[in-house]
There are 2 protein chains.
Amino acid sequence: MSVGIKDVAIAAGVSPATVSRVLANHTVKPELRERVETAIRLTGYRPNLSARRLRSQHSNTIGLIVPDIRNPFFTTLSRAVEDAAYKANMRVVLCNTDENPTRETMYLRLMQEERVTGVIYAPTRETAAQLDRLNFDFPVVLVDRHGPSGKHDSVILDNRQASAALVEHLYARGFRSIEGLFGNTSSTASDRLSGYTEAMNDRGLKPHADFVAPNADAAAIAARHILSRKDRPEALIASNGLILLGVAQAMQELGLQAPDDIAIAGFDNEIWTGLIGSGLTVIQQPVADIGHSAMRLLFERIETPEMAPRVVMLSGKLIERNSSKRPG
Amino acid sequence: MSVGIKDVAIAAGVSPATVSRVLANHTVKPELRERVETAIRLTGYRPNLSARRLRSQHSNTIGLIVPDIRNPFFTTLSRAVEDAAYKANMRVVLCNTDENPTRETMYLRLMQEERVTGVIYAPTRETAAQLDRLNFDFPVVLVDRHGPSGKHDSVILDNRQASAALVEHLYARGFRSIEGLFGNTSSTASDRLSGYTEAMNDRGLKPHADFVAPNADAAAIAARHILSRKDRPEALIASNGLILLGVAQAMQELGLQAPDDIAIAGFDNEIWTGLIGSGLTVIQQPVADIGHSAMRLLFERIETPEMAPRVVMLSGKLIERNSSKRPG
DNA sequence: CAGAAAACTGAAAACCTTTTCAGCTCCATT
DNA sequence: AATGGAGCTGAAAAGGTTTTCAGTTTTCTG
């Protein structure tokens with residue numbers, strides 16, 4: 001069969017324990033270490049990680065649970081997580097939930113069975129609400145979305161502020177009727193909603209929010225409705241990258257141009273937002289930072305389990321482009 | 001500590017073996033099964049996958065090794081792989097190589113140590129060349145890129161044909177000076193190059209190919225050069241999605257419009273290609289199909305290890321948009 | 001140079017399952 | 001009524017490593 005530590009030990013004329021010590025870089029007399037190392041090379045030995053994990057009780061695995069890796073936000077996030085993980089000599093198990101609570105709980109259970117070192121997790125609002133009740137044997141860092149209380153480590157954007165900044169920007173450019181299209185599954189969407197609502201109210205404007213499943217197709221359908229309405233707004237805000245994409249698709253189908261026919265602003269500075277038309281005004285999230293911060297929090301939590309939960313809130317940056325220019 | 005199968009056994013008044021059998025859905029008298037099941041529920045038992053893997057010699061894990069998950073092609077691919085894995089009750093370990101052979105070999109080694117069930121792998125040309133010599137203990141399915149010989153299962157696009165289709169299309173539209181911008185790391189790029197070259201030669205045209213690292217930034221720099229040349233071509237072909245993106249960026253910076261200033265065509269029907277300007281002409285790859293096919297090949301290989309290697313070649317589809325219209 | 005401390009090594013236990021093997025019960029067949 | 005077989009179950013081994021513990025060698029101290 002495959003060569004084990006025992007075979008290496010025999011080949012090197014030492015005990016398995018010594019081989020293990022060489023592998024773990026523990027203190028071993030140079031001469032023996034030498035012998036073991038050549039034995040490893042000769043036999044082509046590869047440690048069995050399952051056995052190692054079982055014995056050492058360290059899985060060196062982190063779980064990444066996101067709605068859909070195809071959402072560019074989570075794509076970039078996952079890349080940042082993977083980078084940090086491999087620097088720390090850890091593997092990443094990837095889980096897509098499709099915003100489906102059933103899939104979420106099933107993956108959370110899987111994480112338990114894997115005895116993962118920790119989890120980076122963007123929960124739906126539904127599952128997040130029960131997060132206090134659930135008890136995990138591993139640390140969880142929430143990312144992009146927060147839990148029911150301040151009880152969990154999390155890394156999120158200052159969504160209310162970012163949303164308000166969008167309103168403020170459009171207001172400053174002279175727009176008054178500003179409608180918002182928001183996702184209906186995440187805490188992020190609702191935070192952005194309240195930032196929007198508040199900012200509108202502060203300026204004596206009447207907020208008008210619509211809700212939609214956070215994917216491009218659903219958003220496109222909703223946007224077509226809004227855009228073809230007789231009383232369509234002067235400006236439309238999209239609460240995330242996928243929704244913004246749907247809006248852009250609807251605009252194209254209807255042959256509308258921003259900002260001439262309607263002003264557009266939204267979230268997530270995806271590459272295409274700068275290329276489309278004369279550019280879409282967006283809030284840029286520090287996505288890679290979010291991922292790295294999440295991993296940092298996770299590692300610190302592992303090191304100091306009793307530490308009080310921390311919420312890291314990062315700021316978005318308004319990228320002004322032509323889609324929100326005052327027309328004419 | 002955490003509850004093990006032994007604790008469940010005690011709680012249910014049976015042997016650990018019986019608990020194991022219940023878990024594996026083996027034949028157990030209904031009454032005992034009942035008792036075990038409630039014991040599991042009561043104790044909150046979760047199997048330890050490391051132990052299970054060690055003993056059963058099945059990792060139920062598949063490795064996914066891609067250059068960069070942020071390349072939309074691989075994003076979609078990974079999603080398809082994860083879906084198929086999920087359905088087969090397997091986990092996915094995600095690896096980004098950044099087209100770096102060192103990282104590749106280190107991940108391949110990791111896969112050995114994980115004793116993975118199989119690997120889906122998009123190798124660089126450099127590592128692919130040595131694939132015959134390397135010997136893995138697990139099946140490998142190459143994806144998007146092929147190995148040195150027909151010795152490996154693989155799922156790829158008919159790249160030569162697709163590339164030729166692009167030339168043919170541009171030729172039909174009246175373009176004669178057609179330059180190509182190709183990646184320099186993958187077999188895919190070189191296949192597309194030869195498709196391009198051949199199609200050009202067939203029509204008595206002189207091929208003109210440039211090579212670039214397959215990422216948007218490098219492509220943008222190269223494209224700026226090409227586009228600012230006095231004798232810039234009538235049409236430019238980009239050999240993948242990232243390169244096409246770089247071209248689009250360069251066009252924008254230089255204030256050029258397709259097809260008025262130059263015709264553009266490329267690979268990968270990313271969403272933004274339909275939204276930008278009046279649309280970019282591209283070859284659409286059946287990406288999800290590629291992923292699913294790869295998993296199917298992998299599973300079939302596991303089932304029938306001695307089967308001869310199979311190459312699945314899928315066809316791209318030309319999406320004609322305005323960027324390749326004859327101007328004026 | 002003796003004795004104590006430090007450094008190193010190996011045997012065996014432990015990690016948590018699954019799987020083998022033998023034994024038991026129960027039923028059907030002759 | 002004896003025999004054979006099918007269907008279950010439990011004890012124990014096995015899977016490949018790390019870790020503990022005790023023992024041995026080496027180094028240091030006075």
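Protein chains get the first letters and strands the later ones, always in sequence-line order, with residue 1 at the start of each.
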Would B:Glu37 and B:Arg41 pass as an ion pair if we require N to O under 4.0 Å? no
Look at all strands and tell whether A:Ser50 reaches a base, only sugar-phosphate, or nothing, counting heavy atoms closer than 4.0 Å. nothing
Of the nucleotides C:dC16, C:dT9, C:dT19, which has the atom closest to the B:Ser56 side chain? C:dT19
Residue whose nearest DNA chain D nucleotide is more 5′ - A:Ala24 or B:Gly13: B:Gly13
Do B:Tyr121 and B:Tyr107 make the cut of ring centroids closer than 6.0 angstrom? no
Spacing between A:Arg53 atom CZ and C:dT17 atom C1', to the nearest angstrom: 16 Å
Give the nucleotide from the list D:dT18, C:dA11, D:dT9 with an atom nearest to the side chain of A:Ala17. C:dA11
Short side-chain N/O contact to D:dG10 OP1/OP2 from B:Thr18, under 4.0 Å: yes
Whole angstrom value for the distance that separates C1' of D:dT20 from CD of A:Gln57: 15 Å
For the pair made of CZ in A:Arg55 and P in C:dC15, what is the distance, rounded to whole Å? 7 Å
Heteroatom pairs (N/O) under 3.5 angstrom, protein to nucleotides 26-28 of chain D:
none

With distance as the sole criterion, is a donor-acceptor pair present between the side chains of B:Thr185 and B:Glu99 under 3.5 Å? yes
Taking any heavy-atom pair under 4.0 Å as a contact, classify B:Ser20: base, sugar-phosphate, or nothing. base
A:Glu126 atom CD, neighbour heavy-atom count above 12 within 6.0 Å: no
B:Glu114 atom CD is separated from D:dG16 atom C1', nearest whole Å, by 15 Å
Go through D:dT17, D:dC8, C:dA11 for me and flag the one nearest to the A:Arg52 side chain. D:dT17
Using a 4.0 Å heavy-atom cut-off, does B:Leu32 contact any base of the nucleic acid, only the sugar-phosphate backbone, or nothing at all? sugar-phosphate
Between D:dG16, C:dC16, C:dT9, which nucleotide gets closest to the side-chain atoms of B:Asn48? C:dC16
In this structure, how many angstroms lie between the C1' atom of C:dC8 and the CZ atom of A:Arg33, rounded? 12 Å
Would B:Arg79 and B:Asp83 satisfy salt bridge (charged side-chain N to carboxylate O under 4.0 Å, His left out), going step by step from the backbone distance to the final call? CA-CA 6 Å; B:Arg79 187 53 157 92; B:Asp83 275 348; 2.5 Å; yes
Residues B:Arg103 and A:Glu82 bridged, charged N to O under 4.0 Å: yes
Does a distance-only test, which skips hydrogens and angles, find a donor-acceptor pair under 3.5 Å between the side chain of B:Arg21 and the base of D:dG10? yes
Protein-nucleotide distance (B:Arg35, atom CZ; D:dC8, atom C1'), rounded to Å: 13 Å
Would you mind reading off the distance between B:Arg115 atom CZ and D:dG16 atom P, rounded to a whole angstrom? 8 Å
For A:Glu113, is there an ion pair with B:Arg52 - N to carboxylate O distance below 4.0 angstrom? no
Using whole Å, report how far CD of B:Gln112 lies from P of D:dG16. 15 Å
Between C:dT17, C:dG10, C:dA7, which nucleotide has the shortest distance from any of its atoms to the side chain of A:Thr27? C:dA7
Would a distance-only check, ignoring hydrogens and angles, find a side-chain to backbone donor-acceptor pair under 3.5 Å from A:Thr188 to A:Asp144? yes
